[in-house]
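Only one structure is covered here, and it is reproduced in the block below.
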Amino acid sequence: MNNRGFLCHTVDMKFARLLLKINLGRYVLAVLWLTGLTIFSGQRIAHGDQEESFAAEVIHGERLFLETRFAQRFYRFLQKSGNVNKTIDVGDPVLNKTVRFFGLPPYQIPFTDGPFKSQSFNCRSCHLVDEHVIQKELGMRTYVDFASRSPVPHREDDLLVTTRNSPTLVGIAAPRENFVLHVDGEFSSLQQVIIDTLTGRNLGWLPGEYEIAIDHICRILREDNGRGALAAEFGGHSYAEIFSGRKNTRQPVSKSYLIAENKRIDVDKSSCEQVVELSATLINQYIRDLRFAQDETILSPYDIFLQVNGLPLKPNYEETAQQYSRRILHLIESKEKNNLLKFIDNNPNTDDGGFRFHDQEFVFGEQQLAGMKLFFKQQDDSTQGVGNCIACHPAPEFTDFGLHNIGVTQIEYEAIHGAGSFNRLPIPNVAQREMQAEQLLPATHLHPTRQGLFRRPAAEYNSMFTDLGVWNIYLNKDYPLPQKALKNLICSQPELCATEDQALERSIARFKTPTLRNLGHSAPYMHNGQISDLHAVLGFYLAASNSSRNMLLRNADEELSKVHITAVDIQPLVSFLISLYEDYH
Ligand code: HEC
Ligand code: HEC
């Protein structure tokens with residue numbers, strides 16, 4: 001914990017109170033679970049064995065998410081020292097500092113002591129939550145770091161950062177048709193992402209090291225003695241005990257820590273694949289449990305506004321998010337006409353009526369309403385003041401979980417290589433891509449030496465570097481699992497995908513739509529983390545929608561050209577986005 005004498009400053013008292021609450025949070029949670037009380041996962045936990053096992057899986061999932069010994073650096077330490085239960089001798093130097101993006105050169109700098117200094121990487125290293133909450137300029141996070149691109153462990157490939165900005169993990173597992181994850185749709189299930197990450201580059205493993213990684217992680221899970229500091233926070237059990245449901249003494253693990261019976265395995269008798277699979281299943285339950293607006297006490301001004309005005313917070317059964325969003329706009333407009341709308345100027349869930357984790361005022365007034373109408377408005381007879389935002393960011397999740405090109409890759413590329421350069425970049429068709437696969441496509445377990453030039457941040461020294469998003473994955477035989485979902489998402493109008501070449505072309509520079517809830521805790525924005533605040537995002541939309549109407553954006557989404565906003569619309573839209581902030585923690 002970084003102690004900078006904050007307790008003495010009255011301005012920081014709010015943060016100090018938070019600090020107490022938050023650091024105790026995990027213990028309080030465990031105690032509440034033990035006593036059978038309910039907390040954020042609500043009703044599910046209190047009733048019946050199944051719910052208890054779900055809660056237990058979420059607890060162990062959080063521990064695994066924080067486990068620092070799965071990283072390749074700890075594997076190297078083990079080769080020297082041989083003991084899974086010893087503390088690593090020299091932590092990963094990359095973790096010494098938390099890196100922050102500033103939007104201006106040198107863009108990304110080591111800012112403050114890292115929360116996992118002197119340890120090796122874990123999932124939380126890049127998906128932060130309350131680690132920096134006491135530092136006013138940093139604050140709470142929705143499972144994202146502060147970098148535009150996250151620093152990775154150093155290896156022989158000389159890679160320094162991830163290709164993309166670390167995305168929020170809250171709400172990403174929402175059930176939907178055509179389920180894909182990662183911004184380029186590389187994965188068709190959460191389980192697959194987790195296993196791939198545990199054995200992948202973000203924890204220091206190179207593409208050819210899958211088997212070593214599985215064996216190493218398996219060894220940690222088998223040999224852990226449950227006496228480490230992290231284990232102590234989660235009930236003090238070894239992984240072998242948690243996984244089998246039995247203590248060393250053959251006593252059962254207490255009920256509140258018992259995972260579902262049908263999932264339990266004996267780690268010594270099971271294969272390493274099975275052991276790692278179960279750890280991923282628990283992390284999976286943990287991530288599934290992360291949801292925005294999931295409990296009354298954290299609701300945003302927007303949600304309270306809907307509530308107070310008796311408007312539905314969710315779509316009806318069989319109503320799509322788009323239909324629901326349009327219905328909300330109609331309801332609001334008719335209430336407004338009849339002067340029946342009530343505004344919000346304080347938070348019913350806090351003593352002082354403000355946010356707990358944001359500096360902004362807790363309001364939903366005229367300005368937010370104006371922004372909301374812009375946001376929800378779709379093309380009609382007017383071509384002014386139409387946000388068309390719900391085309392891709394429909395309520396209540398504020399994402400369609402779809403794949404769209406809004407020009408982010410192109411703008412980063414052209415900022416380096418000049419206007420028009422992205423349109424001139426030769427992008428091969430299916431057959432040509434096959435021939436240039438070694439150079440252009442990303443490395444996989446099947447092809448560990450591929451260079452992936454088209455899945456890299458643009459760089460001055462090589463004009464081939466760019467990030468074409470879904471194009472890397474779609475119709476790529478190394479990724480069979482997400483192909484069906486990708487096809488449905490890209491080729492919703494089959495006439496535009498008559499040939500495979502046409503379909504591939506339509507995948508160029510598409511990325512998954514992020515949620516717009518609680519953006520105050522996830523800057524910088526976009527898949528490349530190049531936009532540092534919301535005003536700049538709206539400035540981006542103003543420019544990008546104009547460019548797409550002028551046919552300057554390569555493969556731009558049709559819906560982008562239907563965004564008709566001017567400079568006067570920016571402030572109301574930003575105010576509306578801020579009304580989607582909530583006290584997620
Ligand atoms: C070095 C930083 C880093 C580490 C460590 C890391 N992640 Fe991530 N994570 C990222 C980045 C960057 C992305 C975005 C990748 C993309 O979309 O191409 C991401 C994406 C994800 C996603 C997909 C989100 C979505 O909406 O598509 C999940 C799930 C996830 N990470 C879970 C984990 C888990 C579980 C671990 C630990 C096993 C972990 N991450 C470790 C940086 C990291
Ligand atoms: C054609 C679909 C589409 C439309 C229309 C659209 N968006 Fe987006 N939005 C996206 C996609 C896709 C991304 C991510 C792009 C990327 O990372 O390359 C995004 C990103 C964002 C982000 C950054 C979020 C983050 O976490 O990085 C904000 C804020 C945003 N959009 C707001 C809006 C607003 C406000 C409107 C209406 C003026 C709008 N969007 C219209 C698809 C759309």
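Fair warning: this is a prediction, and the values are worked out from it, not measured in the lab. Whatever order the structure lists them in is the order used to number ligands and atoms, beginning at 1. In what follows, every heavy atom counts, from backbone to side chain, and hydrogens, waters and symmetry copies are set aside.
Nearest to atom 16 (C) of ligand 2 among the protein's heavy atoms is His527 ND1, 3.3 Å. Looking from atom 18 (O) of ligand 1 to the surrounding protein, the closest heavy atom is Arg164 NH1, 2.9 Å. Of all protein heavy atoms, the one lying nearest to atom 22 (C) of ligand 1 is Leu169 CD2, 3.8 Å. Ranking the protein heavy atoms by distance from atom 14 (C) of ligand 2 puts Pro514 CD, 3.4 Å first. For atom 4 (C) of ligand 1, the closest non-hydrogen atom of the protein is Cys126 SG, 3.3 Å. Among protein heavy atoms, atom 8 (Fe) of ligand 1 sits closest to His127 NE2, 2.1 Å. Distance from atom 12 (C) of ligand 2 to its nearest protein heavy atom, with residue and atom name: Phe511 O, 3.5 Å. Scanning all protein heavy atoms for the shortest distance to atom 26 (O) of ligand 2 gives Leu519 CD2, 3.7 Å. The protein atom (non-hydrogen) at minimum distance from atom 27 (O) of ligand 2 is Met526 N, 2.7 Å. Taking atom 7 (N) of ligand 2 as the reference point, the nearest protein heavy-atom neighbour is Tyr541 OH, 2.7 Å. Taking atom 42 (C) of ligand 1 as the reference point, the nearest protein heavy-atom neighbour is Asn202 ND2, 3.5 Å. Closest to atom 36 (C) of ligand 2, if we only count protein heavy atoms, is Cys389 SG, 2.7 Å. With respect to atom 1 (C) of ligand 2, the closest heavy atom belonging to the protein is Cys392 SG, 2.8 Å. The protein heavy-atom contact nearest to atom 39 (C) of ligand 1 is Thr197 CG2, 3.3 Å.
For ligand 2, none of its N or O atoms has an N or O atom of Leu534 under 3.5 Å away. Residue His182 has at least one nitrogen or oxygen atom sitting less than 3.5 Å from a nitrogen or oxygen atom of ligand 1, judged on distance alone. Of the N or O atoms in Ser166, none lie within a sub-3.5 Å distance of an N or O in ligand 1.
For the residue pair His535 and Gln571, a side-chain donor N or O sits within less than 3.5 Å of a side-chain acceptor on the partner. When only modelled atom types and interatomic distance are considered, Thr281 and Gln285 share no side-chain donor-acceptor pair under 3.5 Å. Counting only N and O atoms by type, the side chains of Arg456 and Gln451 include no donor and acceptor under 3.5 Å apart. Side-chain polar atoms of Ser547 and Asn550 form no donor-acceptor pair below 3.5 angstrom. Side-chain atoms of His358 and Asn518 form a donor-acceptor pair, as typed in the model, at a separation below 3.5 Å. Between the side chains of Asp158 and His154, not a single donor N or O lies within less than 3.5 Å of an accepting N or O. Side-chain polar atoms of His132 and Thr98 form a donor-acceptor pair below 3.5 angstrom. Looking at Asn488 and Asn178, their side chains do bring a donor and an acceptor atom within 3.5 Å of each other. Side-chain contact of Asp145 with Ser150: a donor-acceptor pair under 3.5 Å is present, judged by distance alone. Neither side chain, Glu186 nor Gln192, offers a donor N or O lying under 3.5 Å from an acceptor on the other.
Checked against the 6.0 Å centroid threshold, Tyr584 and Phe292 count as a close aromatic pair. Not less than 6.0 angstrom separates the ring centroid of Phe398 from the ring centroid of His393. Ring centroids of His521 and Tyr581 are separated by 6.0 Å or more, keeping the two rings apart.
Interface of Lys512 with ligand 1, defined as ligand atoms under 4.0 Å from a residue heavy atom, comprises 25 (C), 26 (O), 27 (O). For ligand 1, the atoms closer than 4.0 angstrom to any heavy atom of Leu190 are 29 (C). Short contacts between ligand 1 and Thr162, defined as distances under 4.0 Å to a heavy atom of the residue, involve ligand atoms 12 (C). Atoms of ligand 1 found under 4.0 Å from any heavy atom of Val183, numbered from 1 in the order shown, are 16 (C), 17 (O), 18 (O). Heavy-atom contacts of Leu181 reach the following atoms of ligand 1: 25 (C), 26 (O), 27 (O) (cutoff under 4.0 Å).
Of the heavy atoms in Glu186, none comes closer than 4.0 Å to ligand 1. By the criterion of a heavy-atom distance under 4.0 Å, neither the backbone nor the side chain of Asn405 is placed next to ligand 2. Residue contacts with ligand 1 for Val193 involve side-chain atoms from C-beta outward but no N, CA, C or O (heavy atoms, distance under 4.0 Å). Contacts of Ile531 with ligand 2, taken as heavy-atom pairs under 4.0 Å, are absent altogether. Both the backbone and the side chain of Cys123 come within 4.0 Å of ligand 1, judged by heavy-atom distances. When heavy-atom distances to ligand 1 are checked against a 4.0 Å cut-off, Asp145 has no atom that comes that close, whether in backbone or side chain. Residue contacts with ligand 2, taken as heavy atom pairs separated by less than 4.0 Å, involve His393 solely via side-chain atoms from C-beta onward.
Figure legend: cation-pi geometry between Arg63 and Tyr239, with NZ or CZ positioned under 6.0 Å from the six-membered ring centre and within 45° of its axis. Cation-pi contact between Arg124 and Phe116: absent, since separation from the ring centre below 6.0 Å together with deviation from the ring axis within 45° is not met.
In this structure, Asp184 falls outside the shell of residues with a heavy atom less than 4.0 angstrom from ligand 1. In this structure, Asn122 is part of the shell of residues with a heavy atom less than 4.0 angstrom from ligand 1.
Considering each of Thr515, Ile194, Ile287, Ile172, the one bringing a non-hydrogen atom nearest atom 24 (C) of ligand 1 is Ile172. By heavy-atom distance, the residue among Ala280, Pro151, Pro167 lying nearest atom 19 (C) of ligand 1 is Pro167.
Side-chain atoms of Thr515 come within 3.5 Å of backbone N or O of Glu397 as a donor-acceptor pair.
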Stepwise ring pair (Phe, Tyr, Trp, His ring centres under 6.0 Å) check, Tyr302 with Phe305: CA-CA 5 Å; Tyr302 164 80; Phe305 170 74; 7.4 Å; no
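Taking the six-membered ring for Trp and thresholds of 30 and 60 degrees, Tyr143 and Tyr286 have ring planes more than 60 degrees apart, a perpendicular arrangement.
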